[in-house]
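Values reported hereafter were calculated over all heavy atoms of this structure, with side chains retained and with hydrogens, waters and symmetry mates removed. Proteins come first, then strands; the chains are lettered A, B, ... in the order of their sequence lines, and each starts at number 1. All values reported here derive from a predicted model rather than from experimental measurement.
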Protein chains: 2
Amino acid sequence: MSASGSGRPVDGERRMPADGERRKPADATIADIHPCSACDVRQLSVCNVLDAPELKRLAEIVSTVTLPAHRTVLHEGDPADHLYNVTGGCVKLYKLLADGRRQITGFLFAGDFLGLALEDRYAYSAEAVGEVTLCRFPRRRLERLLDDLPKLEKRLLGNASNELAAAQDQMILLGRKTAREKIASFLINLAARAERRGQSADPLALPMSRTDIADYLGLTTETVSRTFTQLKTRRVITLLPGGMVALTDRLAIEELASGG
Amino acid sequence: MSASGSGRPVDGERRMPADGERRKPADATIADIHPCSACDVRQLSVCNVLDAPELKRLAEIVSTVTLPAHRTVLHEGDPADHLYNVTGGCVKLYKLLADGRRQITGFLFAGDFLGLALEDRYAYSAEAVGEVTLCRFPRRRLERLLDDLPKLEKRLLGNASNELAAAQDQMILLGRKTAREKIASFLINLAARAERRGQSADPLALPMSRTDIADYLGLTTETVSRTFTQLKTRRVITLLPGGMVALTDRLAIEELASGG
DNA sequence: GAGAGGATTTGACCCACGTCAATGCCGGCT
DNA sequence: AGCCGGCATTGACGTGGGTCAAATCCTCTC
């Protein structure tokens with residue numbers, strides 16, 4: 001099962017305003033005081049509702065983590081001790097059946113929040129797709145902090161609300177769409193999210209393997225591959241080297257995605 | 001598409017501690033002051049975190065609604081003006097594709113919360129399966145109230161968290177389970193929820209039509225029907241009149257549900 | 001309690017996608 | 001540069017569940 005772009009850093013991420021920018025003199029001082037202020041992805045994440053003093057309190061309990069490709073971030077059933085915010089790279093969430101069948105329930109990118117767990121156990125596993133950077137919050141301390149930061153709590157509720165809507169979109173995809181519609185929806189969805197992060201949506205990066213895509217869409221690798229070549233033949237996409245796709249006829253893809 | 005037990009009240013509900021109990025003299029006075037105190041399903045719902053004075057404030061903005069079978073509760077894309085709590089009966093949530101294909105994303109029963117909408121539009125439609133009773137909250141006023149009732153807000157976040165976990169279970173069901181496993185999971189899931197509500201889980205009520213079940217599980221009516229008869233033939237379930245099923249061999253069903 | 005109309009069940013057949021099996025390709029390592 | 005290993009692609013074929021169609025069976029209604 002699974003395995004993707006073996007160790008190579010996620011292509012999509014090379015385009016991020018990365019370390020170079022973070023170390024501009026102007027920001028360096030602020031970053032020393034509370035690193036969250038200088039966060040590249042703050043505007044994308046749940047942290048965007050906090051002002052400077054609030055950010056500082058958050059910064060006090062956060063630690064940043066870098067994980068290599070394929071490293072498990074958290075495991076279904078384990079005590080939910082930490083929550084995470086993805087700051088770079090791509091993380092996949094998945095659940096397994098007893099016999100190894102896998103369903104990927106989501107891909108997370110910079111700005112996405114991870115770990116909202118019912119009770120005190122994670123409901124799913126999470127694994128780094130390429131190299132990934134994360135902000136890690138101890139759950140207890142974050143929960144206590146939430147009592148003082150109702151804005152953040154509201155934001156988390158809004159976030160959960162968003163995720164629920166996305167989950168329902170995924171249900172109609174899994175339950176009612178054809179392979180072609182699934183692939184088209186997947187591309188449109190990734191493109192929209194890349195745009196929101198300020199990354200390129202047209203030569204679109206697909207950091208995950210065909211197997212990952214298949215397990216996300218409820219298909220097999222073979223069907224994913226065949227569908228890609230079919231779309232390529234119809235000249236609606238172009239497969240580029242390095243896990244990139246050009247959305248040659250984006251309108252056609254959008255039509256396919258919504259069941260045209 | 002769809003249609004179920006046309007007008008007949010949901011069987012499962014007949015067993016609820018209904019009017020007789022609600023009208024005991026002791027409760028009647030309290031109910032007059034603030035009806036939420038006498039609510040049959042309070043212990044099941046998000047309201048269970050509130051104490052008497054808080055309940056009273058909630059009661060001030062709530063109104064109760066009764067809808068006949070097949071009545072639309074809310075419609076995808078409409079302004080999200082109200083939130084609801086189901087107090088009796090069954091509500092189905094669904095999304096449609098342009099050509100009419102439908103995915104039911106959930107069935108709600110007494111105690112379940114409805115309407116958490118992203119932005120200010122509903123992300124799905126909701127329709128009464130049998131006759132349904134609901135508590136209705138104006139969204140604006142509830143949101144304002146939430147500022148004063150952090151406990152309730154926390155509870156809603158926990159609730160959303162639960163729903164996300166359920167959504168992920170549904171994704172693995174839709175994406176990776178066979179028809180038989182889907183039906184088995186469905187029965188086990190409904191049985192567990194009936195138990196939690198204090199209703200009978202073994203002769204289990206199925207208030208929804210075969211078409212609804214199909215649209216929930218990503219199947220067709222025919223396949224749902226065939227799978228039920230198959231399970232009947234294998235003596236793991238018994239189909240009873242009035243939309244009831246006996247889980248003759250619950251262990252076998254549980255094994256099937258988890259991919260045995 | 002007889003009739004009507006929809007829901008459910010059953011049957012026959014088909015097809016989109018899965019399975020099994022090569023083959024091709026690309027990136028990394030020596 | 002050339003080999004190696006894992007991913008992706010392609011091909012041939014099988015099948016679970018969809019489609020179309022025809023009985024039954026309920027359950028309201030009168």
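Atom CE of A:Met244 and atom P of C:dC26 are 16 Å apart (whole Å). Atom pair B:Arg101:CZ and D:dG18:P shows a separation of 13 Å (rounding to whole Å applied). In this structure, CG of B:Asp99 is placed 11 Å from P of D:dT19, rounded to the nearest angstrom. One interatomic measurement links the two molecules: CZ of A:Arg210 to P of D:dT10, which rounds to 10 Å at whole-angstrom precision. The interatomic distance linking B:Asp215 (CG) with C:dA7 (P) rounds to 13 Å, in whole Å. The CG-P distance, from A:Leu206 to C:dC26, rounds to 16 Å in whole Å. In this structure, B:Leu217 places its CG atom 11 Å from P of D:dG18, rounding to the nearest Å. In this structure, A:Gln230 atom CD and D:dG11 atom P are separated by 13 Å, rounded to whole Å.
Remark: B:Tyr216 pairs with B:Phe107, B:Phe186 by the ring-ring contact (aromatic ring centres under 6.0 Å, His included) rule, at least two apart or across chains. With sequence neighbours left out, the salt bridge (charged side-chain N to carboxylate O under 4.0 Å, His left out) criterion links B:Arg176 to A:Asp215. Not a single side chain to side chain donor-acceptor pair (under 3.5 Å) links B:Arg136 to another residue, sequence neighbours left out. Partners of B:Arg193 under the salt bridge (charged side-chain N to carboxylate O under 4.0 Å, His left out) rule, at least two apart in sequence or in another chain, are B:Asp112.
Side-chain contact of B:Lys95 with B:Thr105: a donor-acceptor pair under 3.5 Å is absent, judged by distance alone. Side-chain polar atoms of B:Ser185 and B:Lys177 form a donor-acceptor pair below 3.5 angstrom.
The residue among A:Arg176 and A:Leu239 whose nearest nucleotide of DNA chain D lies closer to the 5′ end is A:Leu239.
A salt bridge between B:Glu195 and B:Arg250 is present, with a side-chain N of the basic residue lying under 4.0 Å from a carboxylate O of the acidic one. A:Arg102 has a carboxylate O that lies under 4.0 Å from a charged side-chain N of A:Asp212, or vice versa, which qualifies the two as a salt bridge.
Where the helix from C:dG1-D:dC30 to C:dT30-D:dA1 starts and where it ends, the local axes point in directions that differ by 50°; five pairs per end, rounded to 10°.
At the heavy-atom level, A:Ile213 lies nowhere under 4.0 Å from the strands shown.
Under a 3.5 Å cut-off, the side chain of A:Thr87 and the backbone N or O of A:Thr133 do form a donor-acceptor pair.
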Taking protein heavy atoms under 4.0 Å as touching, what does nucleotides 10-17 of chain C look like 5' to 3' if B marks base contact, S marks sugar-phosphate-only contact and - marks none?
BBB----S

